[in-house]
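This one's a predicted model, so the numbers in the text were calculated from it and none came from an experiment.
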Amino acid sequence: MKIAKIETNRMAVPLIKPFKTALRTVKTAETLVVKITCDNGIVGWGEAPPTVVITGDSMSSIESAVKDVLAPFLFKQDFSNYEEMFQGISASCIGNSSAKAAVDMALYDCLSQSCQLPLYQFLGGHKKELETDYTVSVNGPEEMGEDAVSYVQQGFDVLKVKVGKDHVQTDIDRVREIRARVGDDIKIRLDANQGWTAKEAIAIIRKMEDLDLQIELVEQPVKAWDIVGLKQVTDQVDTLIMADESVFSPKQALEIVKNRSADLINIKLMKAGGIYQAQMINQLAEISGMECMVGSMIETKIGITAAAHFAASKKNITRFDFDAPLMMAKEVVEGGIMYAGRKIFLPQGPGLGITNVDIKGGVSLGS
């Protein structure tokens with residue numbers, strides 16, 4: 001089986017409500033959709049949203065990497081040697097993890113279809129049902145409290161609360177307001193998106209521990225490059241600390257697990273460059289006794305379905321952040337994962353289980 005055609009299409013989907021973090025505000029989900037057609041008629045889907053403040057990848061750079069670097073390499077490959085194919089994607093260029101991820105997931109879609117297996121079974125098949133959290137965007141305490149109540153009423157019992165913006169006392173006020181409104185039975189995770197210094201993080205987390213706010217974990221409290229600071233926070237608080245932006249590659253994951261700089265790792269396909277490298281990160285963490293979460297950017301159901309298949313295939317992945325499609329004002333993907341409140345059900349057909357994507361225009365690349 002070989003690749004006959006690679007197509008790219010830009011797509012934009014409005015969000016129901018702006019998504020706000022310490023790093024950015026998103027009102028429209030923009031993404032580059034990749035469609036790979038094989039010589040036997042099998043079609044695989046992938047996508048890559050531009051997230052410049054995290055991955056450094058823009059829409060134009062993603063499109064260029066797929067068209068000018070990855071496509072010429074892939075047209076020479078055969079799926080019978082797919083290890084060489086995925087190794088070649090990783091080595092094809094420095095960075096460009098989002099473009100690599102889009103192509104990677106489309107290739108895995110094709111591979112698992114050719115084996116007549118759902119992708120999660122092709123990758124290991126640990127479970128076929130997941131539960132996602134729901135993200136509370138960073139706003140004023142009262143608005144965040146209202147949002148949290150709304151999500152709980154919709155059936156979500158795990159909230160991922162964005163903090164790390166404005167004064168640290170405001171973050172404490174945000175979390176106190178949410179905890180007061182949702183009660184003690186709802187699990188709260190915090191995501192500071194690199195918004196604090198190490199000293200600020202230690203002080204604010206200790207304060208929340210003293211207030212008994214029952215925080216399950218805090219994600220990426222310090223700058224991505226500040227591995228020393230991340231370890232200081234991990235060592236000096238009781239709350240679990242999760243590395244996110246600090247871990248793109250298996251090599252970075254190795255540094256985290258060797259030095260115990262965090263308690264957990266959040267794997268995202270857009271950071272890892274796709275499923276192939278994401279599996280290595282998870283294996284390194286598992287060997288060290290460190291559990292993983294799989295999260296995402298603001299992606300459509302293409303990328304989230306690929307991430308969910310990967311997450312469902314591995315025992316060591318115990319937390320799931322797959323709420324992005326629920327934030328979108330319209331559905332553009334047919335097939336893929338199915339939501340029932342907080343529950344996610346994996347497609348049981350071959351591959352990703354995506355049957356069609358509502359795309360218009362775009363560029364077709366032939367061999």
Side-chain angles (χ1 to χ4, degrees), residues 6-21 23-37 43-71 89 95-109 119 132 135 248 267-275 278 294-310 321-337 339 351-365:
I6 300 175
E7 298 169 84
T8 64
N9 293 269
R10 297 188 181 198
M11 187 165 61
V13 184
L15 300 185
I16 297 170
K17 181 176 182 174
F19 176 80
K20 298 180 182 180
T21 75
L23 293 173
R24 60 180 183 144
T25 296
V26 181
K27 296 180 180 179
T28 301
E30 297 183 353
T31 194
L32 185 79
V33 176
V34 174
K35 179 182 180 183
I36 292 179
T37 304
V43 172
W45 295 94
E47 77 164 308
T51 316
V52 177
V53 295
I54 298 174
T55 62
D57 299 329
S58 68
M59 183 70 81
S60 296
S61 71
I62 296 168
E63 201 167 37
S64 176
V66 173
K67 177 182 178 180
D68 300 328
V69 179
L70 296 172
I89 290 170
N96 291 286
S97 60
S98 301
K100 293 173 181 176
V103 169
D104 169 283
M105 66 180 72
L107 293 174
Y108 271 108
D109 190 6
L119 179 54
T132 183
T135 303
F248 275 59
I267 304 172
K268 294 176 181 173
L269 299 187
M270 292 305 131
K271 292 186 302 162
I275 294 168
V294 174
S296 64
M297 308 303 182
I298 300 300
E299 302 168 37
T300 74
K301 212 159 64 168
I302 303 172
I304 300 298
T305 294
H309 274 286
F310 163 60
D321 180 27
F322 296 142
D323 56 348
L326 301 174
M327 301 178 184
M328 298 186 184
K330 64 178 181 178
E331 182 58 77
V332 295
V333 179
E334 297 177 18
I337 56 172
Y339 289 91
L352 290 179
I354 291 172
T355 55
N356 192 41
V357 182
D358 181 16
I359 50 179
K360 297 178 181 178
V363 177
S364 175
L365 305 171

- [ ] Determine whether Met11 and Val357 make a side-chain contact, defined as any pair of heavy atoms from C-beta on separated by less than 4.5 Å.
- [x] yes

Open item on the list: For Ser98 and Lys268: C-alpha separation, side-chain torsions, deciding distance, then whether side chain to side chain contact (heavy atoms under 4.5 Å, CB included) applies.
Closed with: CA-CA 10 Å; Ser98 301; Lys268 294 176 181 173; over 6 Å; no

Open item on the list: Run the side chain to side chain contact (heavy atoms under 4.5 Å, CB included) test against Val52 and tell me which residues pass, sequence neighbours left out.
Closed with: Ser58

Open item on the list: Can you confirm whether Leu107 sits close enough to Ile89 that some side-chain heavy atom of one is under 4.5 Å from a side-chain heavy atom of the other?
Closed with: yes

Open item on the list: Could you tell me if the side chain of Leu269 sits less than 4.5 Å from the side chain of Asp104, heavy atoms only?
Closed with: no

Task: Where at least one partner belongs to residues 295-305, residue pairs that pass salt bridge (charged side-chain N to carboxylate O under 4.0 Å, His left out), sequence neighbours excluded - done: Lys301-Glu331

Task: Nearest atoms (heavy-atom pairs only) where Met270 meets Pro49 - done: SD-CD, 3.7 Å

Open item on the list: If you compare all heavy atoms of Ile337 against all heavy atoms of Ala308, which two are closest, and at what distance to 0.1 Å?
Closed with: CG2-CB, 3.9 Å

Open item on the list: Restricting to salt bridge (Lys or Arg N to Asp or Glu O under 4.0 Å), what partner residues turn up for Asp57, sequence neighbours left out?
Closed with: none

- [ ] Please list all pairs passing the salt bridge (charged side-chain N to carboxylate O under 4.0 Å, His left out) test where one or both residues lie in residues 12-21, with sequence neighbours left out.
- [x] Lys17-Glu143, Lys17-Asp147

Task: Contact summary for Gly295 and Phe322, nearest pair of heavy atoms - done: O-CE2, 4.1 Å

Open item on the list: Determine whether Asn96 and Val69 satisfy the following criterion, side chain to side chain contact (heavy atoms under 4.5 Å, CB included), listing intermediate values before the conclusion.
Closed with: CA-CA 10 Å; Asn96 291 286; Val69 179; over 6 Å; no

Open item on the list: Can you confirm whether Ile304 sits close enough to Tyr339 that some side-chain heavy atom of one is under 4.5 Å from a side-chain heavy atom of the other?
Closed with: yes

Open item on the list: Set out, in order, the CA-CA distance, both residues' side-chain angles and the distance that settles side chain to side chain contact (heavy atoms under 4.5 Å, CB included) for Val33 and Glu7, then state yes or no.
Closed with: CA-CA 8 Å; Val33 176; Glu7 298 169 84; over 6 Å; no

Task: Distance-minimising heavy-atom pair for Ile275 and Ala306 - done: CD1-O, 4.2 Å

Open item on the list: Between Asn356 and Glu334 (side chain of the first, backbone of the second, donor and acceptor by atom type, cut-off under 3.5 Å), is there such a pair?
Closed with: no

TODO: Using a 4.5 Å cut-off on heavy atoms from C-beta on, say whether the side chain of Ser97 contacts that of Thr55.
DONE: yes

Task: Those residues that, when tested against Thr132, pass side chain to side chain donor-acceptor pair (under 3.5 Å) (two or more places apart) - done: none

Task: Residues which pass ring-ring contact (aromatic ring centres under 6.0 Å, His included) with Phe310, listed by chain and number, not counting sequence neighbours - done: none

- [ ] Starting at CZ of Phe19, measure out to OG1 of Thr135 and round the result to the nearest 0.5 Å.
- [x] 5.0 Å

TODO: Flag the pair Leu119 / Asp109 as yes when at least one side-chain heavy-atom distance between them is below 4.5 Å, and no otherwise.
DONE: no

- [ ] Could you tell me whether the side chain of Glu47 and the main chain of Gly303 form a donor-acceptor pair under 3.5 Å?
- [x] yes

Open item on the list: If I take atom OG1 from residue Thr8 and atom NZ from residue Lys35, how far apart are they, to the nearest 0.5 angstrom?
Closed with: 12.0 Å

Task: Spacing of Thr28 atom OG1 and Leu15 atom CG [to the nearest 0.5 Å] - done: 6.5 Å

Open item on the list: For Arg24 and Ile298: C-alpha separation, side-chain torsions, deciding distance, then whether side chain to side chain contact (heavy atoms under 4.5 Å, CB included) applies.
Closed with: CA-CA 11 Å; Arg24 60 180 183 144; Ile298 300 300; 3.8 Å; yes

Task: Taking every non-hydrogen atom, the tightest pair across Ala278 and Ile267 - done: CB-CG2, 3.7 Å

TODO: Working to the nearest 0.5 Å, report the span between CD1 of Ile354 and OG1 of Thr300.
DONE: 7.0 Å

TODO: Give, for atom CD1 of Ile62 and atom CG of Leu70, the distance between the pair rounded to the nearest 0.5 Å.
DONE: 11.5 Å

Task: Heavy-atom side-chain contact between Glu63 and Pro50 under 4.5 Å - done: no

Open item on the list: Can you confirm whether Ile54 sits close enough to Met297 that some side-chain heavy atom of one is under 4.5 Å from a side-chain heavy atom of the other?
Closed with: yes

